[in-house]
Structures are given as C-alpha cells and as structure tokens.
Amino acid sequence: MNRIFLFAAGLLVSLLSGCQSRQPVDLVVYNATIYTVDSAFSKATAFAVQDGKFVAVGTADEVQAKFQAKQEVDAHGQFIYPGFYDAHCHFYRYALGLRDADLVGTTSWAQVVQKLQQQRQQFPQAAWLTGRGWDQNDWPGKQFPTKDTLDALFPNTPVFIVRVDGHAALVNQKALDLAGVTTRTPISGGTITKDAAGRLTGLLVDNAVDLVSVKIPEPTATEAATLLLEGQQRCVAVGLTSLADAGLDKANIDQMATLQQQGKLKLRLYTMLNPTKANKEYYLKNGPVFQDRLTVCSFKVYADGALGSRGACLLHPYTDKPRETGFLLSSIADYRTLAKELAASKFQMNTHAIGDSSNRLLLDIYGEVLTGKNDRRWRIEHAQVVSKADMVKFGQFSIVPSVQPTHATSDMYWAGERLGAERLKTAYAYRALREQYGQVAIGSDFPVEDINPLFGFHSAVARQDAKNYPASGFQMENALSRPDALRGMTTWAAHAAFQDKQKGSIRPGMAADFVVLDTDLLEAPKEKLRGAQVQQTWIAGEQVYKGK
Ligand SMILES: [Zn+2]
C-alpha cells in the first residue's frame, strides 16, 4: 500500500462520513511547531482541546478531519510548548510585594516620583504608598532626597520608600504624623534627619526607619486579592501556568483557593507548607489536597541559609572566611523527627539545602527513613553545593533535585571566593544531579530572581548571564541539554509535584495548558533565548494572556 492509496482511502472515508460526523470540540490549534514534551520528545503541528484537556495531537489534516471546533486558532507558524511550570518560587510573597513600587535602578529622583505616581494609579485603594530599592548614588548630584515633592503630590496618603540597602527610608509628612515623629522625637542607633533650618527632611536612617515602618498595616483581604491577581497577570505574561509556592501557611492557601473557586485565580498551584505546629496538626490529620488547580502534599523545611551571606552550612570552612562554616537552622534531632513523622504520612519533605554539609545531612536522614528506591518524591530544594560522595544518594534514595539555574549565573561572579576552585566544581551541578535522579525540577526562586522562566532556560543551557557572560559558559560540564531544560520546567516539574499524570506535556488526557512563543527554544541561537516573546498563554483551554 502506498501513501497515495492511503490518502485516497482517507478521503473516501471522510466523503462518506461527511462533516456532520466530525466530533465537536472546544478548540483546535493548527499551523504551529508544537513541542509536546512527551516521552519521545515528539513534535506535532495541531491539537484539539475539549473540557480543558487535550483530546488529540497530530497534524492539522488529522485533527481537522476528525474534529469540529467551536474555536479555531491559526498559530501562524509559531512555537508551542506545554505551559511553563516554576518548580520553586514564592508567588504569594512576590504578589504581595507588588504593593511596593520597584525603585531598583532608578536613575533620578524625578523617575522615582514618576514610578510612585504610577504605583498609586495602579493601586489607588492601598492605605499606604510604599516602595523599595532607590539609591541616590545612581542619580545626578547624588543628594539624598527630601519629602517636599511627596508632601505636595500625596498630602493625604502616607508614603514610605526604603533605600536599596534597607538602612534608610524617605517618608512624607503624612507618614511622620501617623507615626507621631516630630523634631523632638528622641532616637538612638539612628537619625531623624533635619535640614539647616531644623525642619524634618523625611529621611530616616537605621532605627529611625522602624518608627514609621511599624505603622504600615498588613494588606487587607481585598488588597491582597488585587495583588495576587496582578501577580498572576505578570506570571501568565511570561508563559507560567503552574507554580510551586515554597513555604506557606493554611491561611495563605485558603486565600488563594478562594480566588481559584471564584474563577479569578487561574494559575495552578502546588503549595509547600511551613512545618509549623498548626499546619502539621491540620494537614497531617486531614491528609493531602489533590484538586484540579491546587495541590497541597508537601512541607518545606529549611536546613540552612544562603551562600552569599555565608549562612550555607559547609563541610569545610569558607575559603574567604576560614573560621566560618555556616550553620544549620534546626537541630539534627529535629530534622530526623520531622522526617519520620512525614515518612509515616502521605506528604513529601522538601528541604532547602545549600551547603554541602546540609545536603549531606538531609540526604542521609532521607535515606534513613526512605531506606532505598521509592516513589515518595522527597525533594532537596536548591541542592546547591553537593559533595561528589553524596551525589549518588539522589539516585539511591530517589530524591528529586529541585534547582534554580539563574542562581548559578547570578552567583558565579563570587561563588568561587566563598568555595574555592575545587569545591566550586561541585556547585550548581545540574547535569550531575539530573544523571542521578534521571530528572531535575527547574524553578527560579522568584522574587529572589526574575520571574521569567526563559531566563532560567537560558542559564541552564548556556550557563551565561543576560549579557552572555562568560563567553564560553560557566562550568559547561553541568549545562543541561535544551530538551532536558524544557522537561525541567514542564513535565519534570509536574512529576516533582505528583502531577505528571495531569499536566506537563501536550498529549491526550493532559490539562490543556500551553504557551505560544515567537522563538524555537530548541533551535534558536542561545543569545536569542532570553528575549523570546510570549504571544499567548492558555490554561485549561482558556486563553489567559495575549501579547501584542
Ligand atoms: Zn526559595
């Protein structure tokens, strides 16, 4: 039988059956290069969606012959991927932080004022106008600002904007009044700045900052909802459809679940619980939550701090501070007790471990309670510095490495000072980790890093920063292949959250979450990856973002 015969036979069948028999579906997308990220990493050019799920994936001829769609989308030859999944971020914190105007990188006081006006327009109901990140050293004249303009523009709204280092803040008269700060307020360990005439300038330094900051109220439920939805808007604009939010309490989760039930928050969430007494009491008793858009089946534990501040717990002293090794944040006994408690439950244990000492400790404790290969999908978050001897434990005890490639390219400038050249080779070792477990889950840790998952994709494959430095890549032996980096932010991220049977790839039965880009992530030159534009983002067959 040849192709022509098959084609003719197919035509005959469709003529006989007629258009009426085509199966009705909600959506058909065609004329695309679709990276399905299925097990064979196969490509397609069209798919059909019904009730929020993919029902067929193939060529346009196959899909259009079989389905009658309510909505047809011509992708105009663009590139489609499963919706991007950030496997480790702090969405709640990020979204609530949006009430602060972002003043990082402002180049003049006038620009700060302009940004504050924009912020006020966006959140007119907020009780306070707050911002962070200004640095007068970046402005012409390098003078500290004064409150005059803020008093004129915002006479009835308290304004509080903190300097980039957190040690100084500028506030307006309304804020000073609310805090009861006058020229006569006593202060030690700080300064309430006055001008030559003895009037308050609004600049507060060190302890004086707290006199006003303590008066800023927590956002109300309505404010929080507005901020969470604004956060969602920014996420879908960069192609994110699923997030793992690391470290939440029941109240935060309930708040987001309510927005989901109202149909407003469409992002799919996997929330890691803080291991507080209240969270454990409630969730260990009631068991994990597996809903369409909400998964609660893990606890987020902190083993140590960060490398930059020398809080990461190392086996040997810091190269640049030979008397320091960092420290654990709890006792070894506490980690072991918690591991046993969680092993007896249906929950995952996801532990933040940066240093090689904390990684070793947690891998060993995981090993003790899990004993060998298993499908509990316990995770090490970051797995940043892992001694060569410990690497195999990820395979041995089936422990998921949850990594953030932009950390490698943000830290590479100074990580060698902390660790020394030899130890640096065991850091940010994503390929070695991937070889052990067979997968890595990829996240960004936003708002610590940028929310754009393509920055992480670029960092993972090119091991370069936004300026393509270093030219030959940082420790390229630990770069990920492009297919693996894409798996890490789709299907492997879903696996790490027990959601791989529901989403993460474009194949029948999976949630119809997908993103349309103008760039072929598998073929484009690496310097084009960060700039790839998201054209459309869809969750459960519903368009949630459309670019220009
Ligand atoms: Zn984090």
Side-chain angles (χ1 to χ4, degrees), residues 84-98 100 132 228 231 234-235 238 240 242-249 252-253 256 267-276 279 295-313 326-330 335 338 347-356 358-359 362 377-386 399-412 415 418 427-430 433 440-453 455-457 459-460 488-489 492-493 496-497:
F84 297 145
Y85 195 142
D86 193 313
H88 180 121
C89 65
H90 304 275
F91 171 68
Y92 189 89
R93 195 210 300 169
Y94 163 77
L96 266 66
L98 293 175
D100 294 331
R132 62 177 59 249
L228 286 163
R234 297 185 191 204
C235 286
V238 293
L240 290 168
S242 286
L243 304 173
D245 197 330
L248 291 177
D249 291 328
N252 315 129
I253 296 171
M256 294 196 285
L267 288 169
R268 297 182 200 270
L269 300 171
Y270 163 88
T271 57
M272 305 181 204
L273 294 158
N274 292 316
T276 60
N279 284 341
T295 304
V296 190
C297 67
S298 67
F299 282 84
K300 160 84 184 293
V301 182
Y302 275 94
D304 60 357
L307 189 63
S309 50
R310 298 190 191 83
C313 191
F327 46 88
L328 293 172
L329 295 174
S330 291
Y335 293 123
L338 182 60
F347 285 82
Q348 293 164 278
M349 183 161 168
N350 302 346
T351 309
H352 164 120
I354 301 278
D356 49 8
S358 55
N359 272 285
L362 267 295
R377 305 188 197 181
W378 282 22
R379 307 166 42 148
I380 296 280
E381 303 297 324
H382 311 305
Q384 209 167 84
V385 189
V386 180
I399 295 161
V400 184
S402 166
V403 301
Q404 300 72 35
T406 40
H407 283 343
T409 51
S410 292
D411 299 358
M412 64 185 173
R418 298 279 185 283
Y428 315 96
Y430 307 142
L433 289 164
V440 284
I442 292 182
S444 69
D445 209 9
F446 77 69
V448 178
E449 301 280 354
D450 198 277
I451 66 166
N452 191 333
F455 292 7
F457 183 84
S459 287
M489 53 200 259
W492 289 348

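Read the numbers this way: they start at 1 and go in the same order the structure lists the ligands and their atoms. We use all heavy atoms of the structure for the numbers below, so side chains are in, but hydrogens, waters and symmetry mates are not.
- Asp445 contributes OD1 as its N, O or S atom closest to the Zn ion (ligand 1).
- Using modelled atom types, one side-chain atom of His352 and one backbone atom of Asp304 make a donor-acceptor pair closer than 3.5 Å.
- Put simply, the side chain of Ile354 does not reach to within 4.5 Å of the side chain of Asn359, judged on heavy atoms.
- Below 30°, between 30° and 60°, or above 60°: for Phe446 and Phe91 the angle between ring planes is above 60°, a perpendicular geometry.
- Here His88 meets the criterion, with an N, O or S atom under 2.8 Å of the Zn ion (ligand 1).
- The Zn ion (ligand 1) has no N, O or S atom of His352 closer than 2.8 Å.
- Metal site remark for the Zn ion (ligand 1): Glu381 contributes no N, O or S atom at a distance under 2.8 Å.
- Two residues are said to be in side-chain contact when any heavy atoms from C-beta on lie closer than 4.5 Å; Pro453 and Asp86 fail this criterion.
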